[in-house]
Amino acid sequence: MNFSPIAQRRWKTFKSNRRGWWSLWIFLIIFVLSLFAEFIANDKPFLVQYDGNWYFPTFVEYTETTFGGDFDTEAEYRDPFVAELIEEKGKMYWPIIRYSYDTVNYDLPVPAPAPPSRDNLLGSDDQARDVLARIIYGFRVSVLFGLTLTFFSSIIGVAVGAIQGYVGGWVDLLGQRFIEIWAGLPMLYLLIILASIVEPNFWWLLGIMLLFSWMSLVSVVRAEVLRARNLDYVKAANALGVNRWKILLRHVLPNAMVATLTMMPFILNGSIATLTSLDFLGFGLPPGSASLGELLAQGKQNLHAPWLGVSAFLVLAIMLSLLIFIGEGVRDAFDPRKAMQ
């Protein structure tokens, strides 16, 4: 794929920002690994060889009778009886961590929350669930939520800002007044109220937060479009009778996308922070979900178990710092003044 000279210059500028460049790679590696969390931390083996056949418990539920057991319910692979049945005629291949985010460890040597040990590297929470497994799954949920919210927020924000800036007049005036009123509402309080009315889940929270998060891009895109529509080539296209919407899509909007791409890492950062805040306050994801905010809340409620709060804090601090560094690198890459240095 051949990139334009401008794109090549921007990529070179981004790579020259070592902090942003290495932050991007570190974040991508951690995120890609979290996408395969079921193969890293799970209470099921990812592969079972039994009686000459191969089974994939991560993707398919197998009953205990499949392996010579007595019950038609799903096999409990951590049960010594089931493990013995399988190992008589085959073998189980386990992930590195033999706990999922909701697996309860009934063999803790001390009451939960238990401190770090060889079995639970970061300890357990107050419900005897492995902290490291919950962090891996919680990281994935947080990033996927933030990416999804950022994607849809960008679409709405760019569309609204482009229409306001390009059409102008009463559309721009009424749009700005509406945004001023809507942005003046206490977002976090409204999110808490709405989340307390309906039973929150991933998609409900996404929809509720989308009501407010799209406004962060409107003013930036609107300003870029207002500037671009007065450029000579846009005026020439209007004079030649080119459709105004075609001018907006092909000539004006690409200029506004520069500001959009610069802002997106920071929007992603804010989305993750808001979800964490709601989970911390108890108005986020359903109870039992893998959540970094819920782990922080447990750390607050169990000050005698510092591994809870410290683990969640460090993960959030590293994740959000990486995103900030990436955003700074993207901002510098699209800054024309950096290219002249």
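The figures that follow rest on heavy atoms only: side chains count, while hydrogens, waters and symmetry mates do not.
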*asked:* Do Ile29 and Ile26 land in one hydrophobic cluster if side-chain heavy atoms of ILVMFWY residues count as linked below 4.5 Å?
replied: yes

*How close do Asn201 and Leu285 get, heavy atom to heavy atom, and via which atoms?*
C-CD2, 4.3 Å

*Mind checking the OG-CG spacing from Ser213 to Leu268? Nearest 0.5 Å is all I need.*
11.5 Å

*asked:* Can you tell me if Glu180 has over 12 outside heavy atoms packed within less than 6.0 Å of its CD?
replied: yes

*Within a strict 4.5 Å, meaning less than it, do heavy atoms of the Gln127 and Arg134 side chains meet?*
no

*Parallel, tilted or perpendicular: which describes the rings of Tyr50 and Phe67, with under 30° parallel and over 60° perpendicular?*
perpendicular

*Interatomic spacing from CG in Leu149 to OG in Ser154 - rounded to 0.5 Å*: 9.0 Å

*Got a second to check how far Phe71's CZ is from Phe81's CZ, nearest 0.5 Å?*
8.0 Å

*asked:* Is any side-chain heavy atom of Leu210 closer than 4.5 Å to one of Ser153?
replied: yes

*How about Thr65 and Thr63: does a side-chain donor come under 3.5 Å of a side-chain acceptor?*
yes

*Could you walk me through whether Asn120 and Val131 pass the side-chain contact (heavy atoms from CB on, under 4.5 Å) test, one step at a time?*
CA-CA 7 Å; Asn120 303 107; Val131 171; over 6 Å; no

*asked:* If you count every heavy atom of other residues, nucleotides or ligands that lies below 6.0 Å from Tyr93 atom OH, does the total exceed 12?
replied: yes

*asked:* Below 30° counts as parallel, above 60° as perpendicular, anything between as tilted: where do the rings of Phe145 and Phe202 land?
replied: perpendicular

*Give the intermediate values and the outcome of side-chain contact (heavy atoms from CB on, under 4.5 Å) for residues Asp332 and Phe14.*
CA-CA 7 Å; Asp332 292 346; Phe14 179 76; over 6 Å; no

*asked:* Please check if the number of heavy atoms outside Trp94 that lie under 6.0 Å from its CH2 is greater than 12.
replied: yes

*Could you walk me through whether Asp119 and Asp107 pass the side-chain contact (heavy atoms from CB on, under 4.5 Å) check?*
CA-CA 10 Å; Asp119 195 30; Asp107 300 323; 5.8 Å; no

*Using the six-membered ring wherever Trp is involved, compare the ring planes of Phe31 and Phe139 and label them parallel, tilted or perpendicular (cut-offs 30° and 60°).*
tilted

*Gap separating the CE atom of Met264 from the CG atom of Leu147, nearest 0.5 angstrom*: 8.5 Å

*Sequence-distant partners of Phe59, ring pair (Phe, Tyr, Trp, His ring centres under 6.0 Å), two or more places apart*: Phe39

*Taking only residues at least two apart or on different chains, which pairs with a member in residues 301-329 satisfy side chain to side chain donor-acceptor pair (under 3.5 Å)?*
Arg19-Glu328

*Can you see which heavy atom on Leu122 is nearest to which on Pro116, and at what distance?*
C-CG, 3.9 Å

_Same apolar cluster (I L V M F W Y, side chains within < 4.5 Å links), Ile96/Val315_ = yes

*Between Leu308 and Gly299, what is the shortest heavy-atom contact and its length?*
CB-CA, 3.9 Å

*Considering the options Asn105, Val104, Val110, which one meets the side-chain contact (heavy atoms from CB on, under 4.5 Å) requirement together with Leu108?*
Asn105

_Can you tell me how far apart OG1 (Thr148) and CG (Leu205) are? Round to the nearest 0.5 Å._
12.5 Å

*Measure across Ile136 and Ala41 and return the closest heavy-atom pair with its distance rounded to 0.1 Å.*
CD1-CB, 4.4 Å

*Looking at Tyr99, does the NZ or CZ of Arg78 lie under 6.0 angstrom from its six-membered ring centre and within 45 degrees of the ring axis?*
yes

*Can you measure from CG (Asp172) to CD1 (Ile163) and round to the nearest 0.5 angstrom?*
11.5 Å

*Are Leu316 and Leu296 close enough that some pair of their side-chain heavy atoms sits under 4.5 Å apart?*
yes

*For side-chain contact (heavy atoms from CB on, under 4.5 Å), just list the numbers for Lys12 and Lys15, CA-CA rounded to whole Å, side-chain angles, deciding distance to a tenth of an Å, and then say yes or no.*
CA-CA 5 Å; Lys12 184 178 179 181; Lys15 290 180 66 176; 5.8 Å; no

_Criterion side-chain contact (heavy atoms from CB on, under 4.5 Å) against Thr276, the qualifying member of Thr274, Ile272, Asp279_ = Ile272

*Salt bridge check: are Glu38 and Arg140 linked by an N-O gap of less than 4.0 Å?*
yes

_Residue Phe266 excluded, over 12 heavy atoms near CZ under 6.0 Å_ = yes

*Crowded around Trp54 CH2? As in, over 12 foreign heavy atoms under 6.0 Å?*
yes

*Aromatic rings Tyr137 and Tyr101: how do their planes relate, parallel, tilted or perpendicular, breaks at 30° and 60°?*
tilted

*Could you tell me which residues satisfy side-chain hydrogen bond (donor to acceptor under 3.5 Å, both in side chains) with Asp125, sequence neighbours excluded, listed by chain and number?*
Arg129, Gln298

